[in-house]
Participant: 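Handing you a structure now.
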Amino acid sequence: MKTKIFHILIMLTAFVSCDETSTIVEVEKNKLFAKIIVSTYPSYFDPDSNRVIHKTTMDFRGEIIGERITSIESIIIGNKSVPFIDSYSIDPKNYGVINFNKPVEAYIEPFRTDKITIKTGIGELEGIINMPDSVSNIRYNHNLFDTLQINDSLEISFEGNANYYVLNYWITYAIPPDTNLIYIATGEIISKTNKFTISSYMLNKSGILAINSIKSFNGPYLEEGSLGNMNGDGKGFLYSMVNQGIYNYFYIKK
């Protein structure tokens, strides 16, 4: 299991392994280099009624870097073209950079697996979306709302069918002598197994530990040398993600 504190929006959330140097190398070898995450979202905005509709929709966001400035011509899921919003920039080496995402007012019927194709002015990439299940049967080595003492660690196990998982948590500490002054430390843990451990050295001050969510990912594991899973005129990393909100709490007494 690999532990990491992040200050990013998970991966686009997830692309910590795709650093600037490796990205440049991939663009120099290919016409296109893509990083895409497909997920679900619990609502969308209906412009006709001017209100938020609480109905689960597919969602996506990503980035494409091209050997030169280009544009996205279409994004196709299955055999249907889907709407998207994009923005353009140029990096220091004059590569064209496109960031894109699903508009908030667009609704895409949820599905389990399908093909996604990104067509640009200089080529296209395609890959298979394979949505994992949300985790279930979450268990701890302590009872909910227990107080964790010195040398206690929190172990979390669960059932799931994804390639790997990301745990989101935060710890709230009171900063003495003013106990009304609160510090919040956020963290994430990545695991290839169906288990997380928050070590005792992370729980070294009195406060509250909140387990917020477990995200399930299908796609290449994030480490140096990872191979892409998209085909076409370049290389791409396509991730299918489902988020399970948890919101369980424990007290810490040190």
Side-chain angles (χ1 to χ4, degrees), residues 1-19 35 37-43 56 59 61 131-176 178-223 226 237 239-254:
M1 185 159 61
K2 184 176 181 181
T3 303
K4 221 167 191 183
I5 301 297
F6 294 89
H7 300 285
I8 57 175
L9 177 76
I10 173 155
M11 304 315 232
L12 271 145
T13 341
F15 303 120
V16 293
S17 68
C18 302
D19 58 27
K35 302 174 289 188
I37 181 168
V38 178
S39 60
T40 58
Y41 197 75
S43 63
T56 300
D59 196 15
R61 59 195 185 277
M131 302 300 294
D133 292 329
S134 298
V135 298
S136 61
N137 195 21
I138 300 169
R139 305 175 298 279
Y140 302 93
N141 63 331
H142 294 273
N143 294 322
L144 293 180
F145 311 113
D146 268 2
T147 297
L148 307 180
Q149 305 291 338
I150 293 175
N151 297 325
D152 279 349
S153 296
L154 183 68
E155 296 181 359
I156 306 163
S157 57
F158 53 90
E159 294 177 7
N161 62 351
N163 293 147
Y164 63 93
Y165 306 89
V166 178
L167 171 74
N168 291 90
Y169 68 91
W170 53 257
I171 304 172
T172 303
Y173 304 115
I175 303 177
D178 184 359
T179 55
N180 291 319
L181 185 60
I182 301 298
Y183 173 75
I184 299 177
T186 61
E188 293 180 349
I189 302 175
I190 301 175
S191 176
K192 291 182 179 179
T193 70
N194 291 31
K195 182 178 179 181
F196 295 105
T197 299
I198 302 178
S199 301
S200 58
Y201 80 87
M202 296 295 297
L203 309 173
N204 57 7
K205 296 179 181 178
S206 295
I208 297 174
L209 167 64
I211 306 301
N212 290 336
S213 67
I214 297 177
K215 296 181 175 71
S216 304
F217 281 87
N218 280 336
Y221 185 69
L222 305 173
E223 57 191 351
S226 293
F237 289 78
Y239 295 93
S240 307
M241 185 270 285
V242 173
N243 182 42
Q244 175 64 59
I246 301 172
Y247 312 114
N248 291 155
Y249 296 86
F250 299 88
Y251 296 97
I252 308 169
K253 181 66 174 179
K254 301 297 180 180

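What's counted below: heavy atoms across the whole structure, side chains too, no hydrogens, waters or symmetry copies. Positions are given from 1 along the sequence.
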Participant: Would you say that Asp133 contacts Val242 through its side chain, given a criterion of any heavy-atom pair below 4.5 Å between the two side chains?
Facilitator: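 They are not in side-chain contact.
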Participant: Evaluate the side-chain proximity of Arg61 to Ile37: yes if any heavy-atom separation is below 4.5 Å, no if none is.
Facilitator: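 In short, these two side chains touch, coming nearer than 4.5 Å.
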Participant: Can you check side-chain contact (heavy atoms from CB on, under 4.5 Å) on Ile214 and Phe196, steps first, answer last?
Facilitator: CA-CA 10 Å; Ile214 297 177; Phe196 295 105; 4.0 Å; yes
Participant: How close do Met202 and Ile171 get, heavy atom to heavy atom, and via which atoms?
Facilitator: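 Looks like O-CD1, 3.5 Å.
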Participant: Just by distance, do the side chain of Asn163 and the backbone of Gly219 share a donor-acceptor pair under 3.5 Å?
Facilitator: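 Indeed, once roles are kept as given, a pair shorter than 3.5 Å links the two residues.
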Participant: Could you go through Tyr251 and Leu148, starting from their C-alpha distance and side-chain angles, then the distance that decides it, and tell me whether this counts as side-chain contact (heavy atoms from CB on, under 4.5 Å)?
Facilitator: CA-CA 6 Å; Tyr251 296 97; Leu148 307 180; over 6 Å; no
Participant: Set out, in order, the CA-CA distance, both residues' side-chain angles and the distance that settles side-chain contact (heavy atoms from CB on, under 4.5 Å) for Tyr169 and Thr186, then state yes or no.
Facilitator: CA-CA 6 Å; Tyr169 68 91; Thr186 61; over 6 Å; no
Participant: Using a cut-off of 6.0 Å, state whether more than 12 heavy atoms not belonging to Ile150 lie near its atom CD1.
Facilitator: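 Atom CD1 in Ile150 is not packed in, count stays at 12 or less.
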Participant: Quick check: closest heavy atoms across Ser240 and Pro132, and the distance to 0.1 Å?
Facilitator: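 For Ser240 versus Pro132, the nearest heavy atoms are O-CD, 3.6 Å.
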Participant: Quick one: closest heavy-atom pair of Asn143 and Phe250, and the distance?
Facilitator: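 Answer, listing the atom of Asn143 first, then Phe250: O-CE2, 3.2 Å.
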Participant: Can you find a heavy atom in the side chain of Asp152 that is under 4.5 Å from one in the side chain of Leu203?
Facilitator: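 No, side chains not in contact.
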Participant: Testing the basics here: between Arg139 and Phe158, what is the closest heavy-atom pair and its distance to 0.1 Å?
Facilitator: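 Shortest heavy-atom separation between Arg139 and Phe158 comes out as NH2-N, 4.0 Å.
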Participant: To the nearest 0.5 Å, what is the distance between CG (Asn243) and OG (Ser216)?
Facilitator: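 Atom-to-atom, Asn243:CG and Ser216:OG are 8.5 Å apart.
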Participant: Taking the side chain as C-beta and beyond, is there a heavy-atom pair between His142 and Leu154 under 4.5 Å?
Facilitator: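 Yes; the side chains approach each other to less than 4.5 Å.
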Participant: Is a donor from one side chain sitting under 3.5 angstrom from an acceptor on the other, for Ser213 and Asn168?
Facilitator: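 Their side chains do contain a donor-acceptor pair, which is all the 3.5 Å distance test asks for.
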Participant: Are the side chains of Tyr239 and Pro220 in touch, meaning some heavy atoms are under 4.5 Å apart?
Facilitator: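 Touching, per the 4.5 Å side-chain cut-off.
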Participant: Any side-chain heavy atom of Leu167 sitting closer than 4.5 Å to one from Ile198?
Facilitator: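 Leu167 reaches Ile198 side chain to side chain.
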Participant: Taking side chain as C-beta onward, heavy atoms only, is Tyr140 less than 4.5 Å from Asn248?
Facilitator: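 When only atoms from C-beta onward are counted, Asn248 and Tyr140 do touch, with a gap below 4.5 Å.
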Participant: Ignoring hydrogens, what is the shortest heavy-atom contact between Thr197 and Ser153? Give both atom names and the distance.
Facilitator: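 The pair with the smallest heavy-atom distance is CG2-CB, 4.2 Å.
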Participant: So, for Asn137 and Glu159, which heavy atoms are closest and what is the spacing to 0.1 Å?
Facilitator: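 Looking at all heavy atoms of both residues, the closest pair is ND2-OE2, 3.1 Å.
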Participant: Which word best sums up how the rings of Phe217 and Tyr164 line up, parallel for under 30°, tilted for 30 to 60°, or perpendicular for over 60°?
Facilitator: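 Taking Tyr164 first and then Phe217, their aromatic rings lie parallel (interplane angle under 30°).
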